[in-house]
Amino acid sequence: MNKDKYYITTAIAYTSKKPHIGNTYEIILTDAIARFNRFIGKDVFFLTGTDEHGQKIQEIAEADGITPQQHVDKIAGQIRDIADMLNISYDKFIRTTDDYHVKAVQQIFKRLYDNGDIYKGEYEGWYCTPCESFWTKTQLEDGKCPDCGREVRKAKEEAYFFKMSKYQDKLMDYIDSHPEFIQPESRKNEMVNNFLKPGLQDLCVSRTSFTWGIPVEFDPGHVIYVWIDALSNYITALGYTPDEKGELYKKYWPADVHIIGKDILRFHTIYWPIMLMALGEPLPKQVFGHPWMLVGDEKMSKSRGNVIYAEDLVRHFGVNAVRYYSLHEMPFAQDGTITYEVFISRFNSDLANTLGNLVNRTVAMINKYFGGEIQSGDVGGEFDDDLKAVATGAVEKIIKKMETLHVADSIDEIWRVVDRANKYIDETTPWVLAKNDADKPRLGTVLYNLTETIRIIAALLSSYMPETSKKIAEQIGADDLTFESTKTFGTMKAGTKVGEAVPLFARIDAEKKLAELEEELGEPEEEKIEIAPYKDYIEFDEFEKLDVRVGKVIECEKVPKSSKLLRFTLQVGSETRQILSGIAKFHKPEELIGKNVLFVANLKPRKIMGLESNGMILSAEFEDKLTVLTTLNDIQSGAEMV
RNA sequence: CGCGAGGUAGAGCAGUUGGUUAGCUCAUCGGGCUCAUAACCCGAAGGUCGUCGGUUCGAGUCCGGCCCUCGCAACCA
């Protein structure tokens with residue numbers, strides 16, 4: 001009998017810095033899906049790993065005074081530790097610096113080149129010598145430099161390009177004929193409308209501006225574009241090369257699903273399929289762009305000081321609670337949130353009270369009334385049938401939810417069973433039965449039914465909270481947690497000994513815990529703050545070329561149709577000038593009016609969205625915060641920076 | 001007029017092809033129970049379903065206008 005194969009991947013994690021719980025969510029989600037498919041009998045291959053090349057990594061390493069390799073070794077180690085800590089059941093962990101991957105990517109690149117899908121070209125464009133700028137055909141105004149209006153000439157900057165447009169129609173057909181390919185569906189429109197319909201540009205797939213990457217084998221000055229490198233991991237991990245595809249590849253490709261963040265959907269639903277088409281390989285069946293885990297309604301970031309790490313959560317709440325929260329509190333298509341308050345609330349109500357207490361009270365009663373021995377379940381009574389139906393019917397519902405990757409909903413189905421069992425205790429009142437010897441057989445059956453229900457719950461939980469599942473099974477003395485066993489009631493044998501009633505999740509005193517967390521994590525971060533690397537020294541006369549002035553904002557308004565642009569009118573001496581600046585997200589126009597700002601006065605004028613900008617307003621930016629620079633005391637506009 | 005998603009009880013979310021008292025979880029209040037982790041069970045209160053208008057016997061669910069939030073794209077001298 002051939003098992004259905006199931007190949008599932010996470011995106012490989014970028015090794016620029018330590019991942020936070022929002023990044024980690026992806027691998028927990030993927031793990032639950034992978035485990036579930038194993039549970040229902042599929043032959044699963046689960047791939048995860050790290051993406052280790054690129055300019056950013058090179059820069060960070062340089063700033064730290066270590067080699068890029070040292071840097072990625074460190075971060076990749078951290079990422080792997082986090083995965084292991086969270087009990088992630090990956091079958092393979094790939095690193096893009098792995099030797100076999102590097103070689104395979106070089107061969108893939110070569111193959112695409114040999115087939116004519118990648119060609120060596122020049123940075124397609126027109127060069128304006130005075131401006132030292134490249135322009136594409138569409139950027140030119142009347143065939144002249146849009147900056148200065150002077151003549152431009154065709155120029156050559158060597159680079160490799162991928163003929164994306166060649167596969168555009170084919171990809172469009174594929175997307176049309178496979179409605180499940182891009183999930184959630186709303187994302188599909190974004191891809192089609194923004195990229196495919198307007199027409200794909202050829203993609204520049206090599207770089208010469210940095211060296212930390214996979215060199216083009218036959219042209220070593222060039223480094224392969226990181227996305228070509230990174231996306232290939234899904235097949236190189238299976239031993240794929242263009243010449244020799246490898247056993248794993250033959251067995252598992254195409255992937256059943258790539259689980260990725262919604263931000264990189266474009267690479268996975270456009271570039272990646274086209275790469276595969278060019279290689280003549282089948283496309284993945286599905287790409288799921290999962291939502292983000294936010295803190296409150298903000299993204300996690302160091303500058304906001306709201307970053308939550310998996311290891312902190314695990315230390316305080318345990319692995320399974322972290323898995324539970326990540327899987328249950330994240331909606332399917334909308335961003336979810338995490339805060340310590342909500343975490344504790346879910347922990348107490350769902351894990352400690354509803355689930356933990358059910359197991360605890362059941363085991364305690366078996367110990368108390370029957371010396372820890374499970375009785376036979378043959379004295380039926382009211383409520384039994386309903387309990388059994390709910391317990392044995394759950395798995396089918398869960399399968400339905402999991403087929404569409406609705407993980408949170410599938411967990412809800414398990415909790416329906418838990419709720420039903422708690423209610424059953426109330427309905428059958430075992431403590432009343434215990435008072436009368438004649439009711440003992442019935443009491444034995446009631447507890448048997450509960451144990452059996454809990455056994456099914458434990459089995460169903462195994463994909464989501466594997467250790468909790470095991471702990472429950474141990475406590476009730478169950479050994480059959482198979483998929484098949486969840487559909488039948490009555491597999492446990494009379495005479496089985498249960499364990500001691502130990503709470504699975506100790507209730508948390510929210511106030512105390514929050515205070516503790518505050519003290520521990522509220523401390524100023526000892527972590528090094530990574531500022532942007534410094535630029536090279538310049539001569540004083542170069543500095544002097546800059547003409548920075550003070551201007552007084554007399555008008556400021558949003559540029560229509562633009563989300564970033566503000567249009568400023570500055571008073572400069574007795575003149576005014578218009579400058580555009582992409583800072584609308586950080587400042588309201590009205591708060592800037594009347595303020596002095598600093599601007600570069602001798603930057604060449606440039607048109608942006610049809611409006612002329614005469615200079616550049618200076619701002620300071622760190623991570624995702626920004627503020628315009630202003631003067632401490634008032635001073636005549638037009639004043640020079642000295 | 002770039003494309004798209006969403007605005008439903010205090011909070012977070014469901015609401016199939018329009019149909020009887022708009023659901024779920026948490027929080028709140030009342031009651032029950034005592035096996036259990038101040039847990040569990042039952043019940044109640046709490047919503048003009050963003051707004052205005054239209055279609056219909058009937059609309060959260062269809063149509064149109066408007067307001068707000070978010071994502072993608074463009075823009076960030």
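Here is how names work: the chains are called A, B, and so on, in the same order as the sequence lines, proteins then strands, and each is numbered from 1.
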Geometric cation-pi criterion A/Lys388 and A/Tyr424, 6.0 Å radius, 45° cone: no
Cation-aromatic face contact A/Lys423/A/Phe383, 6.0 Å, 45 degrees: no
Toward the 5' end of RNA chain B, by each residue's nearest nucleotide, A/Asn353 or A/Gly356: A/Gly356
Closest-nucleotide ordering on RNA chain B, the 5'-leading residue of A/Lys564 and A/Asp419: A/Asp419
For [N] and [M], measure between their [atom1] atoms and round to the nearest Å.
N	M	atom1	answer
B/C29	B/C68	C1'	34 Å
B/C24	B/G64	P	33 Å
B/U37	B/A9	C1'	30 Å
B/A27	B/A38	P	15 Å
B/U8	B/G47	P	15 Å
B/G50	B/G15	P	15 Å
B/C62	B/G7	P	12 Å

Does a side-chain N or O from [X] land closer than 4.0 Å to OP1 or OP2 of [N], or not?
X	N	answer
A/Arg416	B/C24	no
A/Lys197	B/C3	no
A/Arg361	B/U34	no
A/Gln334	B/A14	yes
A/Lys423	B/C42	yes

SB check A/Glu474 A/Lys471 (cutoff 4.0 Å): no
Under 4.0 Å, heavy atoms only, any strand: does [X] hit a base, just the sugar-phosphate, or nothing?
X	result
A/Ser562	base
A/Leu504	base
A/Ile608	sugar-phosphate
A/Asn357	base
A/Ala364	sugar-phosphate

Verdict with supporting geometry, A/His328 and A/Trp415, side-chain hydrogen bond (donor to acceptor under 3.5 Å, both in side chains): CA-CA 11 Å; A/His328 185 248; A/Trp415 254 256; over 6 Å; no
Sole residue of A/Val498, A/Thr451, A/Leu447 in side chain to side chain contact (heavy atoms under 4.5 Å, CB included) with A/Met365: A/Leu447
Whether the side chain of [X] and the base of [N] hold a donor-acceptor pair under 3.5 Å is what I'd like checked.
X	N	result
A/Asn194	B/C72	yes
A/Asn360	B/A36	no
A/Ser563	B/A74	yes

Whole-Å distance separating the CG atom of A/Leu351 from the P atom of B/A39: 15 Å
Between A/Tyr325 and A/Phe343, ring centroids under 6.0 Å: yes
